[in-house]
Amino acid sequence: MRPSTLRALKRAAELTRQNRLTEAVLIAEPVILAADEYEGDEILHWLAEHVTDFTGEDPKETP
């Protein structure tokens, strides 16, 4: 995954935790839409592994 894509996803996660979903989508959507098939797969994998980055929850605390 390109470093700029990763930065955009991390920034979107930060904004989502701050309840700024509209801004998060404005940052992440163009990056996701511009990704080729290979990078798209990497993005999906990263998102699946980093769900708590968006929710701010500690996975150890969930039952």
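Here the structure is a predicted model, which means the values were calculated and not measured.
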Can you find a heavy atom in the side chain of Glu42 that is under 4.5 Å from one in the side chain of Glu39?
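In contact.
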Which other residues belong to the hydrophobic cluster containing Tyr38, where Ile, Leu, Val, Met, Phe, Trp and Tyr are joined when side-chain heavy atoms lie under 4.5 Å apart, directly or via other members?
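Noted: Tyr38 shares its cluster with no other residue.
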In the hydrophobic clustering that connects Ile, Leu, Val, Met, Phe, Trp and Tyr at side-chain heavy-atom distances below 4.5 Å, which members other than Leu47 occupy its cluster, ordered by chain and number?
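Same cluster as Leu47: Met1, Leu6, Leu9, Ile32, Ile43, Trp46, Phe54.
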Please report the closest heavy-atom contact between Leu26 and Pro30, naming both atoms and the distance.
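It is O-CD, 3.2 Å.
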Where Ala12 and Ala24 come nearest, the two heavy atoms and their spacing:
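Where Ala12 meets Ala24 most closely, the heavy atoms are O-CB, 3.4 Å.
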Decide if atom NE2 of His50 counts as having more than 12 heavy atoms of other residues, nucleotides or ligands within a radius under 6.0 Å.
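Counting other residues, nucleotides and ligands, NE2 of His50 exceeds 12 neighbours.
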Quick one: pull up CZ in Arg2 and CG in Asp36 and give me the separation to the nearest 0.5 Å.
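Arg2 CZ to Asp36 CG: 7.5 Å, rounded to 0.5 Å.
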Under a 4.0 Å threshold between the charged nitrogen and the carboxylate oxygen, would Glu14 count as salt-bridged to Arg17?
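Between Glu14 and Arg17 there is no salt bridge, as every charged N stays at least 4.0 Å from the carboxylate O atoms.
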